[in-house]
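Following: one structure in structure tokens, then a few remarks.
Scope of the values below: all heavy atoms of this structure, side chains included, with no hydrogens, waters or symmetry mates. In the text below, chain A, chain B and the rest are named by the order of the sequence lines, each starting its count at 1.
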2 protein chains.
Amino acid sequence: MSNAGDHETSRLDDAARAGWLYYVAGNTQDEIARKLGVSRQSAQRLVSLAVSEKLVKVRLDHPIARCMELAHGLTEKFGLVSCEVAPSDPDAPAALTGVAQLAAGEIERLLKSDHPKIIALGTGRALRASVEQLPKMDCPQHRIVSLLGNMMSDGAATPYNVVIRMADRVNARHYPMPLPVFARSIEEKQLLQQQEAVHNILELARQADVTYVGIGNIGDNAPLLIDGFVSREEMRALLKAGGVGEITSWVFDRGGRLIDGLTNDRVASAVLHIAPAKPVIAIAVGIPKAEAILAAMRGRLINGLVTDEATAEHLLNH
Amino acid sequence: MSNAGDHETSRLDDAARAGWLYYVAGNTQDEIARKLGVSRQSAQRLVSLAVSEKLVKVRLDHPIARCMELAHGLTEKFGLVSCEVAPSDPDAPAALTGVAQLAAGEIERLLKSDHPKIIALGTGRALRASVEQLPKMDCPQHRIVSLLGNMMSDGAATPYNVVIRMADRVNARHYPMPLPVFARSIEEKQLLQQQEAVHNILELARQADVTYVGIGNIGDNAPLLIDGFVSREEMRALLKAGGVGEITSWVFDRGGRLIDGLTNDRVASAVLHIAPAKPVIAIAVGIPKAEAILAAMRGRLINGLVTDEATAEHLLNH
DNA sequence: CAATTAGACGGGCAATTATTCGTTCAGCTC
DNA sequence: GAGCTGAACGAATAATTGCCCGTCTAATTG
């Protein structure tokens, strides 16, 4: 027994030596093989043994490292297809710029593709900030489609609609939705959606290759309330019905299931459509939104996320 | 200016991202390139930037790692061609076995060579212990030559002569030196060394491809004194003359310069012969020997060392 | 505004590393 | 002792990485 132990030990010792020579001293496996008096293949085995036995530990001395870990953790935990986490600035924890830059980078990569893509956009402050970060580009091959109306009920343009702004910047065909966010009744909603143009846009949105949306929380400081889309009474009713968040104004509960009735009856925006290969990516920041983000991931309303470090941390620790 | 800074920062961020994906997540550079939306070459540049900017830090979780560092440090500091450091067992700090195993490994690699080699051996407890660790081998192509006599002045065999023992184990031709360690006078020494056999052996030792020696300290607990080769008075005289250590009974001072006169007049052993390509490796352990080892390296009496962690640590911190 | 220059980029290629596969060998069973 | 088993080995080969070099871009300078 002691023999076997000794043998194992000396093998690990050699693995450690090989690992040191490789990672610390920067030797090639050939040199290690020569120094340790074994074949090159054995040296390779020793190095990979050192790795698999966790003898070598790699640490990344950069704020980004923590973000990458969080992103990886979220991806694993919620089965996302894409996740990015921007460093939080401790001096300005609520700032969107980090997240916006990150999201803009992701969108920019997407736009650089030569293959024509359909990009569907929701709404929200974070999404809008991201679009602001986009550089001027020329992408006539892509199409950008809105998931929801760009009008208040009174006909005024909504402040956070981003399709036009983005299309402006990147010179792509675009399809804003000529609807109010909420119809006044179920009947009006059906009527509106029967317009051919609207129908086409909804169909286009359904086919979107990538979808970016914001996430809103439900409550006193809900964007829907602040921006005047729903009344205080409606908000109270939504809360009472279990609503914790909304995406393109569709309100859902803790499990990410859409609430029956209430404002959802009158939402004119497209329903989110998840197919594993088609990313539906939320851009959302802030502890108050954590509950809503969690619910959206649980219910697989989204399969991608761009957020910041503080929010990501909170999401991983419930 | 702030632009340049931002640019640099985002480049480092990307480098960190790339480094994380490469070293932590185990992606290939191709995958990283795809994820970051750059060419593979750029990904490679980012990864190597992360390395050169010291963003990635590798740590080895194994006792060996410290030993490798110490060996590296000694090699640099004293311009050695070879250095190995065995882990010290905190429970038995004086134990030779770690060092002996390490040295035996090194010797074994040497013996495995098909090219005929001349191996010269000195004496000492550590060297003897190392030879004990050698496995049975069959190496008729090599020759093993003794650097010093294997007799006490009265004709008895010295206890630490190792040539015969090693030759036994590895079945190589061997050349023990039929001399006492010390002649009784300069004249006797000259007479003895004029024997043809002795002359040949000395010449062979001079040509040795590799030389292994022990190092003894000078003082009350000096091996030379304990083993009865020199008297207490002689030892006192050597100390007074500045002697700090000895190799094959040649006594040297702090600078590694051989002491003039005294016992050195009567030493019958070969003088160490250093050529950069020919390793002369000391196997020596113990804080009491540190001064002697340091002196030997300073004077370039040796260009290689096998020792243990505690001694190595002491050598590096003066 | 044109010329210059430093730096980044990507193609191509050489070096290095990872994996697969058939062979050998020590230890074990029967 | 014959045969089996599984680990270890090295050759071959596939994959990945590192580096050189011509080209291009953008900033600087005259």
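Among residues two or more places apart in sequence or in another chain, the side-chain hydrogen bond (donor to acceptor under 3.5 Å, both in side chains) test is passed with A:Thr311 by A:Asp308.
In this structure a side-chain-to-backbone donor-acceptor pair under 3.5 Å is missing from B:Ser42 to B:Val38. With B:Arg59 contributing its side chain and A:Lys57 its backbone, the two residues share no donor-acceptor pair below 3.5 Å. Distance alone, capped at 3.5 Å, is enough to place a donor-acceptor pair between the A:Glu31 side chain and the A:Thr28 backbone. The closest donor-acceptor contact from the side chain of B:His142 to the backbone of B:Ile118 lies at 3.5 Å or more, if one exists at all. Counting only distance, with no hydrogens or angles, the side chain of B:Ser82 and the backbone of B:Gly304 share no donor-acceptor pair below 3.5 Å.
Between A:Ser42 and the phosphate of D:dG10, there is a side-chain N or O to OP1/OP2 separation shorter than 4.0 Å. Taking only side-chain nitrogens and oxygens, A:Ser39 comes nearer than 4.0 Å to OP1 or OP2 of D:dG10.
Atom CG in A:Leu49 sits about 15 Å away from atom C1' in D:dC9, given to the nearest Å. The CG atom of B:Leu46 sits 15 Å away from the C1' atom of D:dT17 (whole-angstrom rounding).
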Which is it for A:Ile119 and A:Asp209 under the side chain to side chain contact (heavy atoms under 4.5 Å, CB included) test, yes or no, and what are the steps along the way? CA-CA 6 Å; A:Ile119 302 171; A:Asp209 294 298; over 6 Å; no

So which protein N/O to nucleotides 19-23 of chain D N/O distances come out below 3.5 Å?
none

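When every heavy atom of A:Ala16 is checked against every heavy atom of B:Leu60, the shortest pair comes out as O-CD2, 3.1 Å.
Annotation: proximity of residues 19-32 of chain A to DNA chain C (heavy atom, distance under 4.0 Å) is found for A:Tyr22, A:Thr28, A:Gln29, numbered in ascending order.
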